[in-house]
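One structure is given below, encoded as structure tokens.
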Amino acid sequence: ILAQAISLTGALIPPLSTHVPAQPWLQAKMALRSALLVAGVAVSLVEASSNPCPAGSVPITECDFWKEGGKTCMKGVNTGAAAKPGGPCEVPSMENGCMLDGDQNTMAWLWKSKSIQNCCNCFPVDSPCPLGSVPFLECDFHEPGGQPCLKGVNVGAAATSGDLCQAPTPDNGCMLEGDQSTMAWMWKSKNSDTRCCNCFMVAGAPSSLAQVGARATARLRRHGRSDGDASSMLQLPAEGADGDEELREDL
């Protein structure tokens, strides 16, 4: 990681001119700036690679039931078995002996093993978005360095309505529209009082699209629409080159 940081720093900071000798104070200033930038880049690379948890989840050490002031996590949903292999923890499996056990201190279900000390324990952050998806504000097409979201897979219709947003229904007028600034499909409503939920699947995130579709369809049925209307509201373009081209044409 440090080598990556140094390499990146070399690309960001041009060398001093070889034609004009630099003053000692200028050389010291440039050296200090280089050192600070290397340190900052190295820290950001470590932070980016230190979270093995699936989209929407964080390591247990970031949860409020583990440390004061942490993120509000769902104790009953441990997603550690879906963590990325090769990270700072061991993905639970039959081979390493990680088993779910109710922890008396945190009152959460934790992966524990008698043979290893670092079973992956990840928990979803309390969010209206379904597992495997994140709010659009956390996506890379909205925030540089964000989650690699699939622009054509907006699962906001399967979100949980609350103070943050409302799951799209025929009653609140949320409709899918191609957004020119993000090139993504967004739920929008002409009703100024309605904040439509926009949640996007993260590339490679383990999830069940069938379950997401079932939740959204059930919600639409409760609002008196037929299966045909529900299907039309859930139609999304395929992700990839073809999907992007179709979106550009619609825009």
Side-chain angles (χ1 to χ4, degrees), residues 45-67 70-103 105-143 145-160 164 167 184 197-216 234 236 238-240:
L45 289 174
V46 169
E47 290 177 347
S49 61
S50 61
N51 183 8
C53 298
S57 299
V58 295
I60 185 176
T61 52
E62 296 184 20
C63 292
D64 55 353
F65 57 79
W66 183 269
K67 70 173 183 179
K71 299 177 180 178
T72 304
C73 299
M74 302 170 63
K75 294 183 179 182
V77 184
N78 192 323
T79 58
K84 301 173 186 176
C89 60
E90 292 286 335
V91 179
S93 67
M94 296 294 292
E95 288 74 18
N96 56 31
C98 293
M99 300 289 291
L100 278 175
D101 183 36
D103 185 71
N105 295 325
T106 62
M107 299 301 293
W109 287 94
L110 303 183
W111 289 104
K112 298 180 181 180
S113 174
K114 295 180 180 179
S115 58
I116 63 173
Q117 298 294 323
N118 60 337
C119 299
C120 290
N121 282 286
C122 305
F123 292 86
V125 176
D126 190 15
S127 168
C129 293
L131 285 178
S133 66
V134 295
F136 81 99
L137 294 174
E138 299 180 17
C139 291
D140 53 359
F141 57 76
H142 184 272
E143 185 72 24
Q147 298 275 10
C149 298
L150 303 175
K151 296 181 179 182
V153 188
N154 188 329
V155 294
T160 302
L164 296 178
C197 292
N198 282 284
C199 306
F200 287 85
M201 296 294 298
V202 175
S207 61
S208 172
L209 282 176
Q211 186 178 21
V212 168
R215 289 179 58 189
L234 292 173
L236 297 174
E239 183 65 20

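As a basis for the values below, the full set of heavy atoms in this structure was taken, side chains included, without hydrogen atoms, waters or symmetry mates.
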Open item on the list: Tell me which one of Thr106, Asp126, Ile60, Val58 satisfies side-chain contact (heavy atoms from CB on, under 4.5 Å) with Cys73.
Closed with: Val58

Task: Heavy-atom closest contact (Leu150 atom, Ala203 atom, distance) - done: CD2-CB, 3.9 Å

Task: Exercise: identify the closest heavy-atom pair between Ala158 and Pro130 - done: O-CG, 3.6 Å

Open item on the list: Nearest 0.5 angstrom please: Glu143 CD to Cys149 SG, how far?
Closed with: 11.5 Å

Task: Reported CE-to-OG1 distance for the pair Met74 and Thr72, which is rounded to 0.5 angstrom - done: 11.5 Å

TODO: Taking Asn118 for its side chain and Ile116 for its backbone only, find out whether a donor-acceptor pair lies under 3.5 Å.
DONE: no

- [ ] May I ask you to check whether the SG atoms of Cys129 and Cys197 are separated by less than 2.5 Å?
- [x] no

TODO: Mind listing the closest non-hydrogen atom pair of Val134 and Cys139 along with its distance?
DONE: CG2-SG, 3.9 Å

TODO: To the nearest 0.5 angstrom, please state how far the CG atom of Leu100 sits from the NZ atom of Lys112.
DONE: 10.5 Å

Open item on the list: The criterion is side chain to side chain contact (heavy atoms under 4.5 Å, CB included); which residues satisfy it with Ser93, sequence neighbours excluded?
Closed with: Glu95, Asn96

TODO: May I ask you to check whether the SG atoms of Cys98 and Cys119 are separated by less than 2.5 Å?
DONE: yes

TODO: Measure from the side-chain N and O atoms of Asn121 to the backbone N and O of Leu110, and report whether any donor-acceptor pair falls under 3.5 Å.
DONE: no

TODO: Could you pull out all residues at least two apart from Asp64 that satisfy salt bridge (charged side-chain N to carboxylate O under 4.0 Å, His left out)?
DONE: none

Open item on the list: For a 4.5 angstrom cut-off between non-hydrogen side-chain atoms, does Val125 reach Ser57?
Closed with: no

Task: Which atom of Ser133 lies closest to which atom of Cys199, heavy atoms considered - done: OG-CB, 3.8 Å

Task: Nearest heavy atoms of Ala167 and Ala157, plus distance in Å - done: CB-O, 4.3 Å

Open item on the list: Ignoring hydrogens, what is the shortest heavy-atom contact between Cys120 and Trp111? Give both atom names and the distance.
Closed with: O-CD1, 3.3 Å

Open item on the list: Could you go through Asp103 and Trp109, starting from their C-alpha distance and side-chain angles, then the distance that decides it, and tell me whether this counts as side chain to side chain contact (heavy atoms under 4.5 Å, CB included)?
Closed with: CA-CA 6 Å; Asp103 185 71; Trp109 287 94; over 6 Å; no

TODO: Could you name each residue pair satisfying salt bridge (Lys or Arg N to Asp or Glu O under 4.0 Å) that touches residues 70-79, not counting sequence neighbours?
DONE: Glu62-Lys71

- [ ] Rounded to the nearest 0.5 Å, what's the gap from CZ on Phe200 to CG on Leu137? Could you check?
- [x] 10.5 Å

Open item on the list: Please report the interatomic distance CE(Met94) to CE(Met99), rounded to the nearest 0.5 Å.
Closed with: 6.5 Å

Task: Whether Asn198 side chain and Gly156 backbone form a donor-acceptor pair below 3.5 Å - done: no

Task: Nearest-0.5 Å distance that lies between atom SG in Cys122 and atom CG in Asn51 - done: 6.5 Å

